[in-house]
Amino acid sequence: MICLHGKVVCGGIVSGTAYVFHRKTAEYEVEQKATCVPEELNRLEIAVSAVKEELTLCIEQSENDTAKDIFEIHRMMLEDEDFLNFLKDAVENGATVHKAVSQTEQHFSKLFKDTQDEYMMARVDDIRDVCGRLKAFLSEGELSVESQGAVVLVTDELLPGDLMKFGKENLTGIIISSGTVYSHTSILIKEMGVPALICGNVDEIKTGMTVLLNGDMGTAYFEPDDKTVEDFRRTEQLAGKKREKSPFHKFQGALYVNIGNARDVSDTLFNKCDGIGLFRTEYMYFGRSDLPDEEEQFSVYREILQKANGKIVTVRTFDIGSDKSVETLPLGKEENPSLGFRGLRVYSLYPEAFKIQLRALLRAAVYGNLRIMYPMVTSSGEIAEIRQILLQAAQELAQQDIPYKLPPQGAMIETPAAALLSDEIAKTVDFFSVGTNDLTQYTYAFDRHDGRLDSFCDQSYKAVISLIKTATENAHKNGIEIGICGELASLPELTEKWTQLGIDYLSISPSALA
Amino acid sequence: MKEFEYKITDTVGLHARPAGLLVQKAKKYNSRIMIIANGKECEATRLMSLMSMSIKCGTLIKVTVDGADEQICATEMEMFFKQNL
């Protein structure tokens, strides 16, 4: 039995058969015969443009922005003057194209290694990947994967391009001997959710060995003895039980979390969920004598989007009024605040504050998978008005030549009116998010802050669920997603109900994830 | 010629993605844009050289812009740094 310990790239407990892939020796060592310089230069030009096309295809086929960005950088390397000049100079000095690529790879790898900066040193992999593609094209070779059953890939090195070639569906686990958890490869592995370790020496591992990989502990056993297998199965079962205990394992849609500020986003949060279903931005406005300006908001949104690494981040525009009052945005005297200026109604009183938030959001959208949603919608007309303001904000940014992106927009379904008119509203937005707290309060007409009234709410929430059912049917009829982000989303007894209704996602508090 | 200074606030510094954006942006102008930092100098259109300059969070960089559209170019480049780095 061989036991390896390593740095965890991605957690999870899996077992399978080892498939050993030596990248460093698999490289195409075919010696090309040097022809004359002009001919070699021509070969170089063809190879560069072919690989650029290959990368363009990768960019188009990538499902997430992280992968897109990585391939985009790879393509830009092939357009870089220094990179191309180095290649050309090498060929002009008598090297074959193949050799020129190797020399270029060495030169730029050294340049990055010399920075002594961990992040930049990880970029050496990107250079190797691009050069690997060039060599592969020149020798018309292809990486081949012979995979059957549960394969745990064991390799001396893995590049982002290799990973895409192997494909997520063919990999149960990954063990790499070199690299860092900061590399683009590691980022992609995490995104794919394949348990993986970086383990140092893997020389003794042979294809066909049985592997037990515990990505949570950072250990891997090869050809394990009976006792280790027994222990491993027990750990596996325990981990499975822990997952089963969570009511959400029965839910088939995506699982998002609700957050109130950037501090709620821990480094590991996104390993445990599919994204953020509700970012309550009003918390940024509380307890201060000024309003958060565009730059402040922009940097908060950008930080969260960057941490999310391509996963969805749903930001709700500031939702004040009723029990949430903000000193800097007074709403005047109201007899009945929960039926007064709330959610989007406040934007008509403070259009400038709303526009500042929209500008910050449009700018931040460039940095990830952002979605905006509007609170307290009661009609499609309100959405149309808001879209108008959003468009103005976008035009302003365009005139100022500030980069921005128009993200998908959603409506909160938290009034009976919105649920009843959901067919009409669905035609004007990209998704629905049901806020069950307000929807319950407005449906049963009771103040949710007065505990004495609890007994008046039907504990099976029949009326609310009936409204959610209507909204779900109308959402799907119009081809948009619907999720639930209120307290009802975290009630275990309702999880199966949501699956039955066809709810696309639940958004719960990070602590409920467990 | 126009010039301005900027202190990098992005936590990872001038890493691959913003370097890529910078190159794309810099290529749109006629002016020659130079980035000066850590005693090194590099044209803003050169990806590999930019990435190897070790520009990190807190690094003070000087940007010089020289050419026909230097006025607008300098203003927009300054905005670019504030937004992305």
Side-chain angles (χ1 to χ4, degrees), chain A residues 65-66 68-87 104 107-127 130 160 182-184 187 294-295 298-299 302-303 306-307 360 363-364 366-368 397 400-404, chain B residues 6-29 31-35 37-59 61 65 69 71-85:
Chain A
D65 290 347
T66 315
K68 263 193 187 41
D69 284 348
I70 294 168
F71 292 124
E72 185 81 55
I73 290 292
H74 288 180
R75 191 174 60 180
M76 288 183 77
M77 285 181 175
L78 286 174
E79 287 166 357
D80 183 61
E81 232 174 291
D82 297 313
F83 192 84
L84 292 176
N85 284 344
F86 201 95
L87 281 168
T104 310
H107 170 79
F108 287 100
S109 300
K110 188 173 176 300
L111 199 69
F112 283 5
K113 275 184 193 150
D114 286 348
T115 60
Q116 294 297 316
D117 172 331
E118 197 168 3
Y119 183 86
M120 281 307 162
M121 282 157 84
R123 299 287 77 77
V124 171
D125 286 350
D126 295 306
I127 294 169
V130 171
Y182 302 105
S183 69
H184 280 153
I187 294 170
E294 185 179 320
E295 288 311 314
F298 168 65
S299 63
R302 179 173 75 166
E303 187 191 333
Q306 282 173 336
K307 276 190 186 165
R363 285 172 54 191
V366 176
Y367 295 89
L397 289 170
Q400 292 163 307
D401 209 8
I402 300 174
Y404 72 92
Chain B
Y6 180 78
K7 196 169 174 181
I8 304 291
T9 56
D10 187 285
T11 47
V12 225
L14 187 64
H15 52 97
R17 193 169 182 282
L21 286 175
L22 175 60
V23 170
Q24 278 172 344
K25 179 103 184 143
K27 281 184 178 166
K28 289 185 189 152
Y29 302 99
S31 293
R32 184 169 173 198
I33 306 164
M34 301 298 292
I35 310 286
N38 300 327
K40 284 184 255 181
E41 197 179 15
C42 164
E43 224 177 308
T45 49
R46 309 178 94 120
L47 181 70
M48 297 301 234
S49 310
L50 280 175
M51 281 167 64
S52 61
M53 277 179 93
S54 309
I55 295 177
K56 294 176 192 156
C57 184
T59 304
I61 61 163
V65 182
D69 56 357
Q71 181 72 49
I72 179 114
C73 174
T75 318
E76 291 185 357
M77 286 314 290
E78 198 166 358
M79 201 141 63
F80 172 87
F81 278 102
K82 279 183 188 153
Q83 279 163 20
N84 298 288
L85 282 152

_Whether Asp69(B) and Lys28(B) form a salt bridge (side-chain N of Lys/Arg under 4.0 Å from carboxylate O of Asp/Glu) is what I want to check._
no
*Between Arg363(A) and Glu295(A), is the closest basic N to carboxylate O distance under 4.0 Å?*
yes
*Using non-hydrogen atoms and a 4.5 Å limit, figure out which bit of Glu43(B) sits close to chain A: side chain, backbone, both or neither.*
neither
*Do Ser54(B) and Asn38(B) have side-chain atoms, one donor and one acceptor, less than 3.5 Å apart?*
no
*asked:* Report which part of Met51(B) has an atom under 4.5 Å of a heavy atom belonging to chain A: side chain, backbone, both, or neither.
replied: both
*Go through the atoms of Glu303(A) and report whether side chain, backbone, both or neither lie under 4.5 Å from a heavy atom of chain B.*
neither
*Between chain B and each of Asp69(A), Leu111(A), Val366(A), count heavy-atom pairs under 4.5 Å; write down the option with the most.*
Asp69(A)
*Measuring heavy-atom distances to chain A, does Leu14(B) have an atom under 4.5 Å in its side chain, in its backbone, in both, or in neither?*
backbone
*Step through the shown structure and confirm whether more than 12 heavy atoms of other residues, nucleotides or ligands are within 6.0 Å of NZ on Lys7(B).*
no
*Under 4.5 Å from any heavy atom of chain A - which part of Lys27(B)*: side chain
*asked:* Less than 4.5 Å apart, side chain to side chain, heavy atoms only: is that true for Phe86(A) and Met48(B)?
replied: no
*asked:* Other residues, nucleotides and ligands only: do more than 12 of their heavy atoms fall within 6.0 Å of CZ on Arg17(B)?
replied: yes
*What part of Gln83(B) gets closer than 4.5 Å to chain A, counting heavy atoms only: side chain, backbone, both or neither?*
both
*For Ile70(A), is it the side chain, the backbone, both or neither that has a heavy atom under 4.5 Å from a heavy atom of chain B?*
neither
